[in-house]
There are 2 protein chains.
Amino acid sequence: MDREHCLAMGRTCVAYNLRRASRLVSQVYDQALKPTGLKVTQFSLLVSFVLAPDSKMAQLAQWLGMDRTTLSRNLRVLEKRGLVELEQGQQDRRQLKVRITPEGKKVFEQATPLWLQAQEEVVGGIGHEKWADLAKELRSLVAGLK
Amino acid sequence: MDREHCLAMGRTCVAYNLRRASRLVSQVYDQALKPTGLKVTQFSLLVSFVLAPDSKMAQLAQWLGMDRTTLSRNLRVLEKRGLVELEQGQQDRRQLKVRITPEGKKVFEQATPLWLQAQEEVVGGIGHEKWADLAKELRSLVAGLK
DNA sequence: CCATACTTGATGTATATACACGTAATGTAA
DNA sequence: TTACATTACGTGTATATACATCAAGTATGG
């Protein structure tokens with residue numbers, strides 16, 4: 001395996017390029033959200049709960065492209081802070097329904113303008129149109145895998 | 001914060017979109033690399049070591065857009081498996097030089113075709129040209145943050 | 001030469017992530 | 001109804017990730 005091939009792998013590897021970008025980008029958001037004590041991962045989860053109240057875990061994990069068990073553990077962090085509540089399902093006692101609490105809603109509202117600040121900073125780096133393109137292609141990439 | 005705004009955040013958040021894509025994409029590569037026991041993160045590190053033998057950690061971390069401490073810990077995993085060696089620098093005794101071992105090279109060579117397989121699968125989902133565009137924009141996104 | 005600042009890497013701690021496996025609840029077919 | 005498969009979620013374990021902090025080595029100004 002010569003140097004040229006290695007260079008090509010580094011330049012083209014989808015996993016590497018995506019992981020690196022998401023590391024750096026996440027740091028910007030995490031920094032901006034710091035006053036709320038939220039990480040961007042947690043903020044994204046809160047968005048989901050506002051969008052889809054009482055959703056079930058498996059369903060949510062599917063939607064987020066996240067392993068069930070990952071979601072489970074990420075939820076526990078939010079639960080410990082009292083930002084979400086977990087309630088056993090009525091019909092099916094295996095199911096857990098997730099609901100955002102008033103406290104969770106408060107923190108979420110507080111976080112929203114901070115999120116926007118990070119978003120502007122990151123998107124500003126390449127321009128809104130370029131990001132719109134990129135987002136579309138990312139979605140089609142994801143769609144091809146699920 | 002109404003439903004429309006939440007939907008918009010979900011659709012446009014750079015961190016969310018990148019993290020989701022990198023989760024899913026990483027799984028494809030990890031799956032393909034399974035016979036080698038490597039994760040795609042580790043494979044990427046090996047590529048770096050082949051490209052830049054005897055590089056120093058801080059330098060490498062900068063290049064990879066990765067925190068010093070993250071790299072430090074990721075390296076230990078490879079060291080435990082005997083795939084890389086760490087050697088104290090001569091001039092500056094604080095610096096650690098990283099070198100891939102013969103065993104590391106062997107595993108790397110074994111992993112390369114498996115990587116290619118995953119790469120083809122993922123890139124195939126959107127087409128080589130679209131991915132070339134996407135990669136370019138990702139790089140410019142990253143460049144805007146460093 | 002010495003005191004102080006800076007650099008380099010490691011550790012403590014916490015979250016994020018997923019696979020393999022386990023348990024409990026539900027569905028289904030005989 | 002009972003036996004077995006399926007589904008929903010949790011646990012054990014391991015890696016990935018980064019911030020705050022620490023320790024040790026190096027550089028620099030006096």
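Fair warning: this is a prediction, and the values are worked out from it, not measured in the lab. Below, chains carry the letters A, B, ... as their sequence lines are ordered, and counting in each starts from 1.
A:R23 comes within 4.0 angstrom of the backbone, heavy atoms only, and of no base. Residue contacts for A:K97: at a heavy-atom cut-off of 4.0 Å it reaches no nucleic acid atom on any strand shown. A:S72 comes within 4.0 angstrom of sugar-phosphate atoms only, judged by non-hydrogen atoms across all strands, and of no base. Within the nucleic acid shown, A:Q88 has no heavy atom closer than 4.0 Å to any nucleic acid atom. The residue B:R19 sits close only to the backbone: its heavy atoms come under 4.0 Å of sugar-phosphate atoms, none of a base.
Residue A:F43 contributes atom CZ, which lies 14 Å from atom P of C:dA16 at whole-angstrom precision. A straight line from CG of B:L38 to C1' of C:dA18 spans 17 Å, rounded to a whole angstrom. The separation between B:L18 atom CG and C:dT17 atom P is 13 Å, rounded to whole Å. Atom C1' of nucleotide C:dA16 and atom CZ of A:R81 are separated by 16 Å, given to the nearest angstrom. Rounded to a whole Å, the CD atom of A:E79 is 16 Å from the C1' atom of C:dT15. In this structure, B:E87 atom CD and C:dG9 atom C1' are separated by 16 Å, rounded to whole Å. The nearest whole Å value for the distance from the CG atom in B:L86 to the C1' atom in C:dG9 is 11 Å. Atom-to-atom, CG of A:L24 to P of D:dA18 comes out at 8 Å; the value is rounded to the nearest Å.
Of all non-hydrogen atoms in B:V14 and A:Q119, the two that sit nearest each other are N-OE1, 3.4 Å.
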Given the rule in the side-chain contact (heavy atoms from CB on, under 4.5 Å) test, do B:L45 and B:L60 qualify, once you have shown the distances and angles that lead to the verdict? CA-CA 9 Å; B:L45 288 182; B:L60 210 53; 5.7 Å; no

Using the rule given for side-chain contact (heavy atoms from CB on, under 4.5 Å), can you reason through B:S26 versus A:R19, listing the C-alpha separation, both sets of side-chain angles and the distance that settles it, and then say yes or no? CA-CA 8 Å; B:S26 295; A:R19 290 187 75 100; 2.9 Å; yes

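Distances shown here put a side-chain N or O of B:Q42 below 4.0 Å from the OP1 or OP2 atom of D:dA16. Within the 4.0 Å cut-off from OP1 or OP2 of D:dG25, not a single side-chain nitrogen or oxygen of B:R93 is found. Taking 4.0 angstrom as the limit, B:T70 places none of its side-chain polar atoms (N or O) nearer than this to OP1 or OP2 of D:dA16. For B:Q27 and C:dA18, the shortest distance from a side-chain N or O to OP1 or OP2 is below 4.0 Å. When the side-chain nitrogen and oxygen atoms of B:Q59 are compared with OP1 and OP2 of C:dT8, none of them lie within a distance under 4.0 Å. In terms of phosphate contacts, A:N74 brings a side-chain nitrogen or oxygen within less than 4.0 Å of OP1 or OP2 of C:dT17. OP1 or OP2 of D:dA16 lies within a sub-4.0 Å distance of a side-chain N or O belonging to B:T41. Contact check, B:K34 against C:dA20: a side-chain N or O comes under 4.0 Å of OP1 or OP2.
Counting distance only, with no hydrogens placed and no angle test, the side-chain atoms of B:T69 and the base atoms of D:dC19 include a donor-acceptor pair under 3.5 Å.
Take the nearest nucleotide of DNA chain D for B:R94 and for B:D67: the residue whose nucleotide is more 5' is B:D67. In terms of position along DNA chain C, the nucleotide closest to A:L71 lies nearer the 5' end than the nucleotide closest to the other residue of the pair A:L71 and A:Q90. DNA chain D is contacted by both A:K39 and A:K56; A:K56 maps to the nucleotide lying nearer its 5′ end (nearest heavy atom per residue).
When the nucleotides C:dG9, C:dG12, D:dT15 are ranked by their closest atom to the side chain of B:R73, C:dG12 comes out on top. Each of D:dG25, D:dA18, D:dC9 was ranked by its minimum atom distance to the side chain of B:M66; first place goes to D:dA18.
Under the 4.0 Å criterion applied to side-chain N and carboxylate O atoms, B:K97 and B:D54 are not assigned as salt-bridge partners.
Looking only at side-chain heavy atoms (C-beta outward), B:V98 and B:L78 stay at 4.5 Å or farther from each other.
Within 6.0 Å of the NZ atom in B:K130, the count of heavy atoms belonging to other residues, nucleotides or ligands does not exceed 12.
Residues A:Y16 and B:F43 keep their aromatic ring centres 6.0 Å or farther apart.
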